Amino acid sequence: MKAQLQQQLSAILAELQYPSVDVIFDKPKVDAHGDLTTNVAMMLAKAVGKNPRQVAQSIVEKLKIDDSFLSAVEIAGPGFINFRFANSYVVESAKNILREHASFGRTQAGSGKKTNLEWVSANPTGLLHAGHGRQVLLGQVIGNLLEWTGHEVTREYYFNNAGNQMRTLAESIYSRYRRELGDDYPFPEEGYKGEYIVDIAKEIIAQKGDSLKDADGDRSYFQKYGEEWCFKRIKETLARLNVKHDVFYNEDTLYSTGKISEVIEEFKKKDLAYDSEGAVWFRATKFGADKDRVIVKSTGEPTYRLPDIAYHREKFRRGFELIVDIFGADHIATIPDVLNGVQALGYDTKDVKVIIHQMVSFVNGDEIVKMSKRNAKTYTLDDLIDEVGVDAVAYFFVMRSVGTHLEFDIALAKEQSDKNPVYYLQYAHARIASILRHAETEHINVHDIAAMMANTDFSLIREKEEIDLLKKLLEFPELVQSCALSFEPHRLTTYLREVAETFHRFYHEHRVINDVKQLMQARLTVCLMTKIVIANGCRILSVSCPEKM
RNA sequence: GAUCCCGUAGCUCAAUUGGAUAGAGCAACAGCCUUCUAAGCUGUAGGUUCCGCGUUCGAUUCGCGGCGGGAUCACCA
């Protein structure tokens with residue numbers, strides 16, 4: 001429809017010898033302005049030397065409209081041309097929802113682009129805390145959106161099980177181990193204070209007793225044990241949220257295969273790196289940074305920048321055409337260095353999309369929930385899931401745009417009432433399911449979609465609330481596409497809320513189960529279409545949609 | 001001090017990526033259940049979109065300058 005109109009309008013512009021401009025359609029906010037609007041007349045007004053409404057008039061006069069598609073074309077406001085869909089067009093289009101059902105909303109906008117999505121990537125030195133939830137769910141939903149738009153997505157988790165942090169982990173466990181055995185052993189200055197360290201130490205005692213007491217500085221057992229313990233827990237937490245990574249990429253492979261030294265040499269050859277004070281420096285100032293950055297410490301160990309750069313290069317080498325990273329705002333400083341490094345190696349950074357989300361704060365009603373790391377008792381993501389449930393966690397973490405700080409109200413999230421937006425959405429789905437169950441007692445097989453289509457007289461779908469609802473449902477594929485391409489999953493929650501709202505209004509105005517068999521059938525079909533869209537949307541959101549509440 | 005993000009109704013946030021009368025949810029007030037799920041619906045009230053200047057037919061959106069909040073500025077990741 002859009003494409004057709006676009007073509008026709010472009011032809012008219014040419015015929016009128018107006019300069020050619022892109023004909024773009026928007027969906028007006030206000031119902032009175034129709035279903036599609038274009039601002040071409042305003043764009044042209046100046047060049048043509050006429051006022052926008054006159055320009056619009058001249059265009060509309062040439063327009064041939066097919067009234068099975070459009071019921072009205074109007075010039076409005078400063079010079080908008082507004083189009084209103086005919087009901088028959090809306091209803092006809094809506095049949096696609098039934099035809100495609102579980103795939104309705106999928107498009108090929110990504111045209112099979114090989115995409116690497118990296119997120120979570122927490123090192124196995126501890127548990128995921130509640131704040132990690134935002135990243136976990138953002139990545140999950142963005143991954144789903146990319147799949148729904150035809151990207152070929154590899155979900156990846158990058159981790160480092162060597163270096164400082166892991167040594168600290170081992171040292172922390174060892175210290176707790178000795179203390180649990182009754183020794184007065186010092187706890188490392190920057191050690192991990194969480195109580196899970198004590199749990200790990202106790203497990204080791206249960207298995208090995210005090211046999212590791214005099215390890216003579218060798219902490220490898222503790223490190224390995226700690227790493228495996230933490231990773232197991234992290235994966236379990238992710239699994240509760242249905243998050244599953246395809247690849248766990250170990251930073252160490254970058255060393256063992258020589259990718260790190262390769263980058264250093266290449267940088268030096270290009271005069272992008274130099275030795276000084278016993279360290280190797282990256283000429284970040286060449287890319288506008290305020291000072292150069294160390295990439296290899298005087299101890300010989302690289303800083304995080306170097307492996308990050310090598311890692312991104314490997315992503316390109318592995319054939320990915322789109323590379324998506326999700327980071328919290330606390331990592332913001334590292335991004336320019338990595339991008340500059342990758343660019344210096346000859347790759348186009350426009351194929352790297354870095355999504356930075358702002359931090360999360362937790363409140364419980366009026367009370368601020370602290371999750372200080374100094375505190376031994378941290379609030380973990382598991383704790384949060386236990387408290388509010390998987391669905392609320394999934395929904396709440398993506399319902400705000402990534403650029404804003406997210407305030408997560410635990411009291412609201414666990415409230416099973418209309419205040420809670422998750423329940424509002426799920427309730428709409430359950431309500432429809434309930435209606436469909438009633439239909440089955442009327443001997444209508446609502447699961448046989450082909451039969452539903454065949455038995456429905458679509459011309460009976462004509463109430464305003466029904467048409468409004470179908471229009472809303474028909475926005476779904478384009479919305480999914482737009483959310484995916486702009487990496488803005490929160491807009492999906494906004495949309496689904498509107499769907500639920502539009503459905504409730506329809507439900508309130510029109511009785512579905514009624515004595516007029518044909519009318520009932522038509523309305524059941526509308527219900528089924530709505531159910532399909534809500535279910536598909538929920539699947540993208542990783543939120544369940546219950547048949548009963 | 002520098003860099004990045006944010007500033008919209010009492011609170012939490014949207015706003016189709018520059019469009020028309022800035023919208024939802026909570027909270028407040030007033031209505032609607034003998035009938036498919038009231039976890040719902042309808043209505044009322046609530047605004048100098050932080051301030052100023054600019055760009056243009058048109059700015060919450062873009063640019064510049066302030067003010068306020070957050071994050072980051074390691075030979076930690």
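Keep in mind the model is a prediction, meaning the values are calculated, not measured. So you know, we letter chains A, B, ... as the sequences are listed, proteins then strands, and number each from 1.
Taking the ring-ring contact (aromatic ring centres under 6.0 Å, His included) definition, one finds that A/Tyr395 meets it with nothing, sequence neighbours left out. A/Asp325 is linked by a salt bridge (charged side-chain N to carboxylate O under 4.0 Å, His left out) to A/Lys315, counting only residues two or more places apart in sequence or in another chain. Partners of A/Thr125 according to the side-chain hydrogen bond (donor to acceptor under 3.5 Å, both in side chains) rule, which considers only residues two or more places apart in sequence or in another chain, do not exist here. Considering only residues two or more places apart in sequence or on other chains, A/Arg497 meets the side-chain contact (heavy atoms from CB on, under 4.5 Å) condition with A/Tyr424, A/Glu501. With sequence neighbours excluded, no residue forms a side-chain hydrogen bond (donor to acceptor under 3.5 Å, both in side chains) with A/Thr168. Among residues two or more places apart in sequence or in another chain, the side-chain hydrogen bond (donor to acceptor under 3.5 Å, both in side chains) test is passed with A/His504 by A/Arg431. By the side-chain hydrogen bond (donor to acceptor under 3.5 Å, both in side chains) test, A/Lys471 is found to be paired with A/Asp35, residues two or more places apart in sequence or in another chain being considered.
A close approach under 4.0 Å does not occur between any side-chain nitrogen or oxygen of A/Thr37 and OP1 or OP2 of B/U16.
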For nucleotides 32-40 of chain B, just jot down a letter per nucleotide in 5' to 3' order: B, S or -, based on protein non-hydrogen atoms under 4.0 Å. ---BBBSBB
Nucleotide by nucleotide, nucleotides 68-76 of chain B touches protein heavy atoms under 4.0 Å in the pattern (B base, S sugar-phosphate only, - none) -BSSS-SBS
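Counting any heavy atom pair closer than 4.0 Å across all strands shown, A/Ser486 reaches a base atom.
For the P atoms, the distance linking B/A22 with B/A45 amounts to 15 Å, nearest Å. Across B/G23 and B/G54, the matching P atoms stand 27 Å from one another, rounded to whole Å. Only the P atoms considered, B/A27 is 32 Å distant from B/U21, to the nearest whole Å. For the P atoms, the distance from B/A15 to B/U55 is 28 Å, rounded to whole Å. Separation of the P atoms belonging to B/C36 and B/C29 is 29 Å when rounded to the nearest angstrom. Spacing of C1' atoms, B/C50 relative to B/G70, comes out at 16 Å, to the nearest Å. When the C1' atom is used for both B/U8 and B/U48, the distance is 12 Å, rounded to whole Å. Going from the P atom of B/G7 to that of B/C13 covers 10 Å, rounded to whole Å.
Place A/Gly77 and A/Ile24 on RNA chain B by their nearest nucleotides, and A/Ile24 ends up nearer the 5' end.
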Could you give the side-chain donor-acceptor pairs of residues 45-52 of chain A under 3.5 Å, partners two or more places apart or in another chain?
residue : atom : partner : partner atom : Å
A/Asn51 : OD1  : A/Arg53 : N            : 2.9
A/Asn51 : OD1  : A/Gln54 : N            : 3.1

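In this pair, A/His490 does not lay its aromatic ring on the base of B/A14; centres under 5.5 Å and planes under 30 degrees do not both hold.
B/U12 and B/A24 make up a base pair, with Watson-Crick or G-U wobble contacts both under 3.5 Å.
Defined by atom type and a distance below 3.5 Å, a donor-acceptor pair is present between the side-chain atoms of A/Tyr18 and A/Ser58.
Among residues at least two apart or in separate chains, there is no side chain to side chain donor-acceptor pair (under 3.5 Å) pair with a member in residues 354-368 of chain A.
Using a 4.0 Å cut-off between charged side-chain N and carboxylate O, A/Glu478 and A/Lys2 make a salt bridge.
A heavy atom closer than 4.0 Å to some atom of RNA chain B occurs in A/Asn39, A/Met42, A/Lys46, these being the qualifying members of residues 39-54 of chain A.
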